[in-house]
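All chains are named by letter (A, B, ...) in the order of the sequence lines, taking the proteins before the strands, and each is independently numbered beginning at 1.
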Amino acid sequence: MVRAKRASVWKGIGWRPVLEVYKQMSDAGYDHATVERRWQEAWDDADVFRTPDNVEDPTYVLGMYPYPSGKLHMGHVRNYTITDAYARFRRMQGDDVLHPMGWDAFGLPAENAAKERDTNPRDWTVDCIETMTEQMESMGFGYDWDREITTCTPDYYQWNQWLFSRFHEEGLVERRDADVNWCPHCETVLADEQVEGEAELCWRCETPVEQRELEQWFLQITEYADELLEDIDDLEGWPNSVRQMQRNWIGRQHGTELEFHVEDYGPVEAFTTRVDTIHGATFFALAPDHPISEELAEEDDEIRRFVDHEADPDGDEPNGVETGLTATNPATGEEIPVYVADFVLSDVGTGALMAVPAHDERDHAFAEKMGIDIRPVIAPEPDGDEEPTAPDVSESAYTEDGVLIDAAEYSGLDSETARERLTADIDSAEEATQYQLRDWGISRQRYWGTPIPVVHCDDCGPVMVPDEDLPVELPEFINTTGNPLDAAEEWQRTTCPECGADATRETDTMDTFVDSSWYFLRYVSPDLEDAPFDRERANDWMPVDQYVGGIEHAVMHLLYSRFFTKVLADNEGLEHREPFTDLLAQGMVQLEGEKMSKSKGNVVSPQRIVEEYGADTARLFMMQAAQPERDFDWSEEGVQSTYAFLERLQGLVEEYAAETPDGDDDAIASYVDAEIDATIAIATAEYDDLTFNKALRETQDLVRTLRQYADYTEPHAETYERGLSAVVRLLAPVAPHIAEELYDELGGDGFVAEAAWPTAEVDRDYVAKRRRLVENTREDIRDIVDVAGIEDPLGIDVVVAPEWKYDALEIAIESDADNLIGELMQEGHIREQGDAAADYGQDLQAEREALSMTLEPDAEYAALESAAWLIEREFGAPVRVVRAAEADEDVLANAEPGRPAIEIDD
RNA sequence: GCGAGGGUAGCCAAGCGGUCAACGGCGGCGGACUCAAGAUCCGCUCUCGUAGGAGUUCGUGGGUUCGAUCCCCUCCCCUCGCACCA
């Protein structure tokens, strides 16, 4: 309340009628549509974002290219604002920058849309691309459109086919019958990675996936499993979550493969990671679809019934049926019963396992249910030289490593050693590695994709189409159920490249993830006619320095791209084994905590926002709302306040341009000047880190400081302009159009997009100390005024501590003497302060461990002097910053380094 | 269950050993301007305090430390990924 009244004291102090200007501004609004269009055209005319082929090693900034679905959504806008802002930042820092855009243009939605609209996928896709290109331009994204790629053009997809042939030559392509995931809705197969969650839903349409057996083409990514796994450790620029997801997906496990001899059937291979527990194996279990189970089911009704009806691999309960057979434990020679059990999965390990109920939770549950022996053979490591004692396994299994017990000559060994010994000692046992990763099935029974370049000949079988006959182009679209290529009979008819006989074309097309596994290489030389990419230039320009996209591609696209890169490195002379140095997985744009989706009807249209507020507002709001990797809520209020901010900034710049102020280069100017430096230093570091939210916060703070400056006094023109110019450039990566406009207004040469990034030499630590000092001092004054109930201060003295206190503080920090006061008193100039020295010494002693250096006395004086206007402005009273030498003794008692004494006259 | 990331004032969100009762924004409150409203500007927004003080706070409970929002451990909750994985 006290402070409220004070406002009247300094009303009207202002150098000019700022409020009037604001009022006119807000009535007029700012004409974002005109401004934005003007600069988009200007950039385009001047080829600002072109990256010539002859640059040496540009900073490669890339957003995951979009599927052309028709309209940009907020996720796209966020994704591409991040890359655009970063690319623009790097460009202003003087880097050559490669920032291209293209289209992931093959895919089922185009086929569905074509059917619905009675058109064809190509026309539909081209339309979508056109619309989205316009939208991207209206957002002000600065791409090198000369490098645009579109994967559904033969120019692009011929290289998918060419690469397929190269993979084939390297033995990385295989065709085989396989149980595959079949989406009945999409009428095509899906890779394992494209099936989501426990319910096994199609990643595109969320239809439950079925199993089918089909002849399929596979790329043998498993050949690279080890390298793909091990190189994850070096991907330090990637988020941990993504790295971990890829590790899990590859799922490598080291263990032992060994044979159990099953009565009547001979040796059966089992895989285990815990061969050290083999003495506790009390039964053997087969998957329901294991060949032996299937054979048994032929003869045994009980087993038949179990396999066909009861087995439920998805249920929580382990179910099983006894076969009456026994298996021989290769370590002990013991005969143990064989079960068919549904918790054994045929695609894990070998589909058969030795079960050790004492040391495995699942085996334990099954044994309890079936009344099978539970025999502990691993004990926890005992303390000291005590004997190991068997763990209690009646309730649950003991699954840790430990010391072997009741294990014949292996008793007493630790688990690790026992595993090595047993693997060596058991005849049929050998070390083995299992992976969860499967080969990548790329066959899709769809039209709108890259035709697999293969011809089927009755005599020669499947034959690769020779390179000179590539591309195999898609025929005209036929609107039919199932795969349109199956209906394209004429297209199918061809001759065998090997024997010349009549033959038919392969009608499967490639998974569109093939397209995206190398598109980042095509941008390097998009028009090259005799190779997918220019090898030399790719070696110079790759890898992508900063890649940005959604987390949903953590496994699929990002793993396949790594795989392709490694294959190209091994066989095509690419000198990089990883495609993406730094990866940012951007967060979602939500509405009231929920993901935006058409089905929920909570979608905010970027187009509407651009129309109402402009692209700059949309971009700036998004970038300041949260760190790029975090989810955040869209907020209409937030957008409005961002818009208002831009309007105010424009008012500030226009006012300056209309009439140059004529203030002095005084203490206030030096404060503003220091704040400009501080802002530049901090914002630059934050831009480097892609933490735009923090960079923008600093920048907006500076605008506030500048406004307060101009409100308070007539600014020093040079300082003020430097501040405005810094703000404009710091904002340029995120709000590029208005930045161009204001840069122009301030008389900048050329484009701000090509202007030099502002620089400042300041120490962030120094800035923090200075700001802290000023802030603390202001707070202290507020406290005093408040607590003491001072209505109307007449004058405020801020008194810097005497030099000897700084000396004493320094000594206190450095000293480790028990008696600090004694140590201080050894200094003559401190000792002569008498009681004051003793008092301060006691204070220091009390806070001994918490002391830290403040600014030097002169720096502190200067900082306070330059910030005095803030205090005057706030409290409406003249402020004197006083050096210790000019102050009274009794006042000085309260002054400490970093904490000036305060005297308020009321 | 395993793994990754989180839990900070009414909400969003910085901070990640002392300078922290904790930046900033939104919301709310008071004031300036206005005939008024809006916009804009200045403050306030954990509790108590007549000169900068004190108390209680950063999911929970412990611990390390002279000192913890910040480090370690337990537990709870949220989000994401994987999962009868042998």
Carboxylate-amine/guanidinium proximity below 4.0 Å for A:E874 and A:R778:
yes
Whether the side chain of A:R707 and the base of B:rC41 hold a donor-acceptor pair under 3.5 Å is what I'd like checked.
no
Go nucleotide by nucleotide along RNA chain B from the 5' end; which of A:A626 and A:L345 gets its closest nucleotide reached first?
A:A626
A:E430: what forms a salt bridge (Lys or Arg N to Asp or Glu O under 4.0 Å) with it, not counting sequence neighbours?
none
Pick the closest RNA chain B nucleotide for A:L353 and for A:R899 by heavy atoms, then say which residue is nearer the 5' end.
A:R899
Between A:D631 (side chain) and A:M588 (backbone), is there a donor-acceptor pair under 3.5 Å?
yes
List the residues meeting salt bridge (Lys or Arg N to Asp or Glu O under 4.0 Å) with A:D360, not counting sequence neighbours, and say none if there are none.
A:R362
Selection: residues 278-290 of chain A, any non-hydrogen atom under 4.0 Å of RNA chain B:
none
Please identify each residue that fulfils salt bridge (Lys or Arg N to Asp or Glu O under 4.0 Å) with A:K769, with sequence neighbours left out.
A:D765
How is A:V356 classified with respect to the nucleic acid when contacts are heavy atoms under 4.0 Å: base, sugar-phosphate, or nothing?
nothing
So which nucleotide from B:rA4, B:rG43, B:rG3 ends up closest to the side chain of A:Q244?
B:rG3
Starting from Watson-Crick (N1-N3 plus N6-O4 or O6-N4) and G-U wobble pairs under 3.5 Å, report the runs of at least three that RNA chain B belongs to.
B:1-7 with B:76-82, B:10-12 with B:24-26, B:27-32 with B:40-45, B:46-48 with B:53-55, B:61-63 with B:71-73
Partners passing salt bridge (Lys or Arg N to Asp or Glu O under 4.0 Å) against A:D233 (at least two apart in sequence or in another chain)
A:R247
Does OP1 or OP2 of B:rC44 have a side-chain N or O of A:R782 closer than 4.0 Å?
yes
Given the side-chain rings of A:F283 and A:F366, with only the six-membered ring counted for Trp, is the space between their centroids under 6.0 Å?
yes
Inter-nucleotide P distance (B:rG28, B:rA22), Å rounded:
24 Å
Ring centres under 6.0 Å, that's the criterion: do A:F284 and A:Y339 meet it?
no
